Engineer: 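Below you will find the structure I want to go over with you.
A quick note: this is a predicted structure, and the numbers were derived from the prediction, not measured. Letters A, B, ... mirror the listed sequences (proteins, then strands); counts begin at 1.
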Amino acid sequence: MKIHEYQAKEIFKRYGIPVQAGEVANSPEEGKNIAEKIGKPVMVKAQVLVGGRGKAGGIKYAKNPDEAYQYAKEILGMEIKGIKVKKVLVTEAADISSEAYIGVIVDRKTKKPVVIVSQAGGIDIEEVAKTTPEKIFKLEVDPLLGLQSFQARDLGSKIYSDFKIAAKAADVIKKLYFAFTENDCSLAEINPFITTPKGEVWALDAKINLDDSGLARHPEIESMRDKDAEDPSEMKAREGGLSFVKLNGNIGCIVNGAGLAMATMDLVKHFGEEPANFLDIGGSSSPEKVLNAMKIILKEPNVKAILFNIFGGITRCDDVANGIVQAVKQLKPPVPIAVRLTGTNEDKAKKILEKVNLTATSSMVDVVKKAIELSKG
Amino acid sequence: MKIHEYQAKEIFKRYGIPVQAGEVANSPEEGKNIAEKIGKPVMVKAQVLVGGRGKAGGIKYAKNPDEAYQYAKEILGMEIKGIKVKKVLVTEAADISSEAYIGVIVDRKTKKPVVIVSQAGGIDIEEVAKTTPEKIFKLEVDPLLGLQSFQARDLGSKIYSDFKIAAKAADVIKKLYFAFTENDCSLAEINPFITTPKGEVWALDAKINLDDSGLARHPEIESMRDKDAEDPSEMKAREGGLSFVKLNGNIGCIVNGAGLAMATMDLVKHFGEEPANFLDIGGSSSPEKVLNAMKIILKEPNVKAILFNIFGGITRCDDVANGIVQAVKQLKPPVPIAVRLTGTNEDKAKKILEKVNLTATSSMVDVVKKAIELSKG
Amino acid sequence: MSILVDKNTKVVVQGITGRDGSFHAKQMKSYGTNVVAGVTPGKGGESVDGIPVFNSVKEAVEKKGANTSVIYVPAKFAVDAIYEAADARVKLIVCISEGIPAIDMLKVYNYLKTTETRLVGPNSPGVITPEVAKVGIMPGQIHKKGEIGVVSRSGTLTYEVVYHLTLNGLGQSTCIGIGGDQIIGTNFIDCLFLFEKDPQTKAVVLIGEIGGTDEEEAALYVKKNMKKPVVAFVAGRTAPPGKRMGHAGAIISGGSGTAEEKIEAFEKAKIKVAPTPAEVAALIKEELVLIQQNKPNT
Amino acid sequence: MSILVDKNTKVVVQGITGRDGSFHAKQMKSYGTNVVAGVTPGKGGESVDGIPVFNSVKEAVEKKGANTSVIYVPAKFAVDAIYEAADARVKLIVCISEGIPAIDMLKVYNYLKTTETRLVGPNSPGVITPEVAKVGIMPGQIHKKGEIGVVSRSGTLTYEVVYHLTLNGLGQSTCIGIGGDQIIGTNFIDCLFLFEKDPQTKAVVLIGEIGGTDEEEAALYVKKNMKKPVVAFVAGRTAPPGKRMGHAGAIISGGSGTAEEKIEAFEKAKIKVAPTPAEVAALIKEELVLIQQNKPNT
């Protein structure tokens with residue numbers, strides 16, 4: 001799960017990471033009020049869960065509350081990468097001497113938490129890693145022991161030659177590491193981490209991605225979920241225990257298992273069409289889940305045919321077949337359905353499908369070809 | 001540092017360990033009020049930092065508030081092992097089905113936290129360990145990983161055959177382990193840990209010893225220190241950075257280093273006298289510390305001679321000599337002083353001592369003999 | 001021979017009285033797996049389909065000689081179950097449970113490195129040595145004893161591939177689902193190493209998917225260290241960047257972890273990549289023919 | 001030869017710009033110890049008595065080849081200092097700092113077991129190989145090169161014993177203060193093992209005190225594993241139970257850890273126990289005479 005900058009900053013503040021005064025505004029008026037309260041020039045920053053806000057004009061410097069009003073109005077209207085901006089963060093503007101990068105990730109390669117720092121902050125860190133890898137410093141942390149102060153100091157010294165600043169950075173690195181581990185983050189990032197001419201340091205931006213598997217033990221973070229920012233179908237799917245990603249093609253896919261679902265999408269493409277979605281009904285296979293999946297897919301206007309690809313294992317084919325029958329009867333789908341069923345209780349399932357005049361195949365290739373054919377009317 | 005049962009129970013409560021309702025009373029009236037509030041039969045328990053309260057009559061069962069008043073009055077007057085009882089804990093009385101022991105210690109042998117459980121609770125666990133070691137179960141915990149649930153379950157199952165009770169005990173064991181590690185305990189103990197006929201479990205007694213080296217990071221626990229319960233001289237010494245233990249002999253010893261201090265005491269005994277105290281002035285050797293040490297020792301009426309045994313290393317002999325001179329001038333000690341100085345700046349020190357007509361020896365044996373001789377007038 | 005699981009495998013099922021645990025305990029047993037015990041704390045003394053249930057893994061090991069654990073407990077108890085199995089010194093833990101937080105798995109992984117215990121998973125469909133023992137949730141009947149090793153990050157996609165292998169007369173030595181999560185106990189390379197040493201295995205199928213760089217590392221490993229042929233399949237060519245496809249591992253992040261990169265890495269290592277799951281079997285056949293032709297004594 | 005510290009010892013002083021650190025750095029250097037570097041974060045580039053100061057131990061190791069660290073930092077920074085030195089792969093850490101919480105030391109001890117680094121201390125007076133190198137705070141001038149190994153939980157008491165050894169013409173191979181705390185990195189047995197192997201050492205003095213059972217274990221170890229004679233002294237015969245005598249280790253708890261128990265254990269192991277510190281030297285002389293008499297070629 002992703003959360004907004006202002007939410008990540010709330011978490012940072014709890015750990016003592018220096019974050020400038022600021023509040024989130026839902027309207028230009030609110031933006032103006034916050035700027036007045038701050039009483040200094042402010043930044044007005046679009047709160048959207050995608051990158052590239054700055055380039056899209058979603059971050060503005062406002063000298064006074066009236067400008068803050070003006071920019072909040074502009075930004076609250078705009079779309080960034082197709083996503084409408086509904087909130088802005090109004091926060092004290094900083095006098096920037098230098099911009100660095102500080103981040104912590106779960107590293108699947110080393111199987112350790114890895115702290116990453118770079119002097120080259122403020123820009124896309126993956127770009128820096130590609131073009132000037134010598135500017136990136138990584139530290140693998142022993143997850144049983146945790147990050148030690150000397151390690152944080154070493155990292156701080158990699159990005160600042162002035163030891164006083166390096167020590168301040170080290171302190172932030174330690175706090176960021178705690179915030180990362182204690183909140184089940186998959187990423188916790190400060191970019192840019194800035195210094196001012198006065199020698200202050202600030203987390204100017206804040207990014208936290210949460211490990212979905214850890215969310216259950218952080219209800220306070222789960223409650224930060226921005227339901228506005230999520231695709232309504234994807235949200236509905238998630239709430240119904242389905243894994244769903246919307247795409248742009250016209251073959252609606254319902255599959256059990258993530259790998260098989262991706263392979264099914266790939267096969268659709270392989271035979272010249274585009275999938276309308278990724279959808280994994282998962283291991284347990286109640287008819288309700290199938291009904292739910294159908295409902296979600298039928299909401300997409302571009303879907304021209306529905307493709308079921310079920311390899312029965314834990315998932316029992318008859319359960320899926322029952323779900324299809326229920327869905328056909330209840331939803332009266334306006335598009336044709338192609339079904340592949342194999343594995344556990346396959347024969348039983350094929351009989352069930354006869355009730356709604358569907359003939360299931362056992363072959364994945366066949367069902368994909370058939371769905372494409374059906375989609376063309 | 002030791003804390004009282006009622007204080008340990010406050011800590012236990014924070015960790016969700018089941019502790020019965022109760023409050024501490026400083027007077028019989030307060031005891032009665034608490035018993036009234038509880039509204040059930042209560043236990044009146046002397047709060048003293050020594051064991052053997054029960055046998056000394058310091059724990060009584062009171063059926064009603066009037067009895068609570070009566071027993072509180074009795075107990076608040078008594079002395080247990082020479083210590084006057086100044087507080088009683090008035091707490092709900094329990095209906096006991098079984099008594100077990102649960103404890104966590106820092107184990108110097110295995111260099112791990114060790115959890116100890118036994119079915120044989122309610123009595124001296126060291127006695128159980130000696131006479132029926134098969135009734136004691138110990139688990140070494142990996143301090144980097146911490147106690148795991150399965151380990152707590154295994155321990156619970158060792159002391160209860162009913163798995164439901166074992167699971168409750170396991171839960172308490174986990175909580176006790178957290179309380180132990182998070183508060184820098186050297187010992188955290190529930191004895192007895194009881195079950196009731198209804199299947200409840202309670203920490204009937206609570207004992208926590210703190211690692212003095214960890215106290216600095218737990219100011220809330222440091223503030224629990226019972227200054228009343230401490231010997232005033234020992235407290236004064238501690239506050240002045242000296243390590244002091246009062247004994248009953250008449251040779252007052254001032255030594256640098258704990259090992260040498262003990263060896264000095266032993267040598268006093270070896271030559272037929274008894275030391276009045278253990279006193280280690282520690283490594284850094286300001287004249288003030290020496291002055292302080294003299295003040296503390298001179299308070300003890302049984303002291304007949306003062307023995308200085310200083311082996312200069314980090315401790316500089318001249319610093320100690322200056323302290324002795326100051327002390328002699330300021331305090332005009334009514335008892336004779338024997339001094340041994342050797343090591344760093346020994347010659348300088350010996351000259352300094354001439355100012356107050358003291359002749360220092362270089363030999364530990366000599367100074368002990370001399371002090372004993374002087375003590376006999 | 002085979003790898004990880006063989007005729008000496010004695011399984012203890014952790015979470016045997018749960019919905020999934022009891023179902024699959026029966027399934028494994030009826031497949032012929034030597035399921036010697038189950039564990040559910042507090043249910044010691046019961047039995048499931050004739051399998052005795054104990055309160056702890058240690059008891060199962062001491063009383064029934066279990067050497068392999070398979071874990072079906074809910075995610076929030078799974079980490080404790082892994083530590084318990086490792087503490088009881090089973091040689092192999094197969095963790096089916098999904099949804100274990102990555103932060104916990106980092107600790108588990110680094111802790112297990114200090115022990116003799118191997119972990120497969122979590123979020124794994126299991127390990128099967130066809131016609132010998134099944135330790136997991138895969139449908140047993142699609143498998144057939146043979147000479148092809150299969151290693152995969154996926155569940156049902158593996159079944160799809162295995163199904164075609166079997167249809168084409170290509171039996172399997174061992175099939176391993178290493179699990180779909182980011183942090184897993186056993187990776188592709190570990191399995192490739194074992195397959196290379198296993199005399200029964202003649203060729204290996206590696207089924208990858210988007211996310212991470214495990215496939216790239218496996219490709220390099222094959223190039224450097226393996227004599228046996230490997231055929232690959234990679235799922236997720238059509239997956240969009242930044243979107244998690246089903247489980248924690250399947251995500252293209254920061255433009256890396258794409259199917260294209262992985263396929264390119266395989267091709268660079270001279271590993272044939274099947275365009276569809278069904279075509280894996282044909283490529284394996286080609287490789288087997290090549291082995292046959294290159295044999296000195298034919 | 002000697003143990004732990006020898007002519008190849010290159011010392012880095014952690015906390016070199018502090019009061020104790022700078023004083024003892026100079027003392028060690030003037031004793032002839034090869035003090036190659038100091039560390040104080042933020043003071044890199046300075047120097048103390050000609051010793052260059054670095055920001056990290058790693059730098060001191062990389063630039064000056066330090067292989068031994070001695071730690072003088074305040075207790076609350078000492079654990080980090082130990083981890084830093086271990087991370088920089090010094091072979092020996094001597095921790096002088098006192099007052100480190102035991103809970104932290106449990107972690108340190110168990111972590112260091114997984115590394116190649118040995119820790120002496122904390123709350124140690126240090127290690128000295130007379131006339132070669134002194135790593136710690138003991139007064140150098142009382143020591144003399146020779147054949148007696150000394151290992152002790154105490155500081156000044158050790159000086160007392162060493163003083164008498166030297167007065168009696170008994171030089172020392174190496175003297176180790178293992179530290180007065182409950183949880184220490186190197187114990188009596190570790191040192192006895194090293195002394196037994198060290199060709200320079202002919203006899204060993206063990207100085208114990210009340211608290212714990214280290215002396216008892218050492219006695220058993222000597223009985224089973226040592227050919228070289230050991231003479232012991234135990235401080236605290238007059239110490240009352242339940243009272244901490246100075247440091248965390250010196251406490252008789254629950255009727256165990258008394259001087260009597262320890263003396264009895266030594267006597268059972270045929271280890272002579274000196275009644276006073278001064279008499280240790282005489283007992284050692286007796287033992288050396290015995291060795292001489294038992295030599296086959298005399």
Engineer: Do the side chains of A/Glu5 and A/Arg53 get close enough for a salt bridge, i.e. N-O under 4.0 angstrom?
Structural biologist: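 The answer is yes: the pair qualifies as a salt bridge.
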
Engineer: Less than 4.5 Å to any heavy atom of chain A: does that hold for the side chain of D/Tyr83, its backbone, both, or neither?
Structural biologist: both

Engineer: Side chain from CB out, backbone as N, CA, C, O: work out which of these in A/Asp142 comes under 4.5 Å of a heavy atom of chain D, or both, or neither.
Structural biologist: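 Contact with chain D: side chain only.
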
Engineer: With the threshold set at 4.0 Å, does a side-chain nitrogen-carboxylate oxygen contact exist between A/Glu23 and A/Lys37?
Structural biologist: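 Salt bridge flag = yes for A/Lys37 with A/Glu23.
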
Engineer: Whether A/Arg217 and A/Asp184 form a salt bridge (side-chain N of Lys/Arg under 4.0 Å from carboxylate O of Asp/Glu) is what I want to check.
Structural biologist: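 Yes, A/Asp184 and A/Arg217 are salt-bridged.
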
Engineer: Checking heavy atoms, do the side chain of A/Phe163, its backbone, both or neither come under 4.5 Å from chain D?
Structural biologist: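 A/Phe163 touches chain D through side-chain heavy atoms alone.
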
Engineer: Flag the pair D/Lys58 and D/Glu84 as a salt bridge only when some basic side-chain nitrogen lies within less than 4.0 angstrom of an acidic carboxylate oxygen.
Structural biologist: no

